Number of protein chains: 2
Amino acid sequence: MVQKQEYLSKNQKIVLDDVEKANQPLKAYSILYNVQKKGLKAPLQVYRALDKLVEIGKIHKIESRNAFVACKNSNCVVSNATAFSICESCEKVTEINNSKLSKYLSNFEDNSGMKYSKYNLEFFGLCKKCKNK
Amino acid sequence: MVQKQEYLSKNQKIVLDDVEKANQPLKAYSILYNVQKKGLKAPLQVYRALDKLVEIGKIHKIESRNAFVACKNSNCVVSNATAFSICESCEKVTEINNSKLSKYLSNFEDNSGMKYSKYNLEFFGLCKKCKNK
DNA sequence: AATAATATTGTTATAATATAACAATGCGTT
DNA sequence: AACGCATTGTTATATTATAACAATATTATT
């Protein structure tokens, strides 16, 4: 039996490395620009690496921004429960790591009869800096 | 002083009408196709109407799907607090209207010093139908 | 009624984001 | 060696969204 992938491939490492260095969300085509010196020439190479990295939880996608950010949560193995705060002025994005919140949302049930296996939450507002401007 | 808009313009009505009829999220270019018989010819006409309708809360954007859905919540005047359940199999989307949840999230504060004015939450899973297949 | 302020419309072109399709290679398992 | 599968490379194209400019419409104020 072929095992599930436990390592990162060359392109996946290159892309993850770039996103981790950034410390802020990056757009796919910015990543492409950054990694061209390392040999990745086509959008698809970046998107494929991103897909896998998102799947295994190393990277999260900020859906409202079409941008990708490295997971800071060292134990985040799967990206099935994500929460972010987004400053609408400077666009600073921070991953929220709050066990009460994640517990609350993971256990949330409504009357639809649907059991949720995953969620993504994005908060918007002004960060400290921008609030005081 | 010029007052804030209280009515819908022609294009806004046409677009809202189409989205409300759908009862499910529509893509912008599907809307464009639908409303071409009513004279809207260009993507921008649709996007501009959508922008306004989202701003005033008549329509919500499902960020993870790049799709737009009418607000079912009759009292939803501003779209500053939205939650949806999304079936990953059939793509059925339902707006969650749960006062405990919205209260919890509206009052949520973390240690970032950021006060949130808005949020969007998307739950993923399998709906009743798809679960039993 | 004329003016000003703002929102809306129409239009063409283009930017930005993402995937399809196909061929080849690499790597662990049988 | 043969198989299965993930990854890679590549070209082309699909999908989603906005820029820029000119014109018209609506409403509030003078």
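Lettering of chains follows the sequences in order, A, B, ..., and the numbering in each one begins at 1. Predicted, not measured: the structure shown is a model, and the values here were computed from it. As a basis for the values below, the full set of heavy atoms in this structure was taken, side chains included, without hydrogen atoms, waters or symmetry mates.
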From the options C/dT8, D/dT11, D/dA20, select the nucleotide whose nearest atom is closest to the side chain of A/L44. D/dT11

Above 12 or not: heavy atoms from other molecules or residues under 6.0 Å from NZ of B/K129? no

Any side-chain N or O of A/Y47 below 4.0 angstrom from OP1/OP2 of C/dT19? no

Considering only side-chain heavy atoms of B/N11, which listed nucleotide, C/dG10, C/dT8, D/dT8, is closest? C/dG10

Could you give the NZ-to-P distance, from B/K38 to C/dT9, as a whole number of Å? 15 Å

Between C1' on C/dT8 and CD on B/E55, what's the gap in Å once rounded to a whole number? 13 Å

Nearest to the side chain of A/Q45, which nucleotide is it out of C/dA18, D/dT10, D/dT18? D/dT10

Rounded to the nearest Å, what distance is computed from the NZ atom of residue A/K10 to the P atom of nucleotide C/dA24? 18 Å

Using the benzene-type ring in the case of Trp, are the ring centres of B/F123 and A/F108 under 6.0 Å apart? yes

Rounding to 0.5 Å, atoms OG (A/S64) and CD1 (A/I86) come to a distance of 3.5 Å

Can you see whether B/Y116 engages B/N107 through a side-chain donor-acceptor pair at a distance of less than 3.5 angstrom? no

Pick the closest DNA chain C nucleotide for B/P43 and for A/A28 by heavy atoms, then say which residue is nearer the 5' end. B/P43

Using atom types as modelled and distance alone, determine if a side-chain donor or acceptor of A/S106 lies under 3.5 Å from a backbone N or O of A/K103. no

Going by modelled atom types, is there a donor-acceptor pair between the base of C/dA18 and the side chain of A/Y29 at under 3.5 Å? yes

Double-helix bend of the helix from C/dA1-D/dT30 to C/dT30-D/dA1, axes at both ends from 5 pairs, round to 10°, gives 30°

Does B/S30 reach the main-chain N or O of B/L26 with its side chain, forming a donor-acceptor pair under 3.5 Å? no

Integer-rounded Å distance: C/dT9 C1' and B/D51 CG: 14 Å

Find which nucleotide of DNA chain C each of B/K41 and B/N66 is nearest to by heavy atoms, and output the residue with the more 5' nucleotide. B/K41

Measure from the side-chain N and O atoms of B/E109 to the backbone N and O of B/M114, and report whether any donor-acceptor pair falls under 3.5 Å. no

Nearest to the side chain of A/Q12 - C/dT12, D/dT7, D/dT11? D/dT7

Could you please name the option among D/dG9, D/dT7, D/dT16 that lies closest to any side-chain atom of A/K52? D/dT7

Checking contacts here: which listed nucleotide (D/dT10, D/dT26, C/dT9) is nearest the side-chain heavy atoms of A/A42? D/dT10

Distance, rounded to the nearest Å, where B/F68 contributes CZ and D/dA17 contributes P: 5 Å

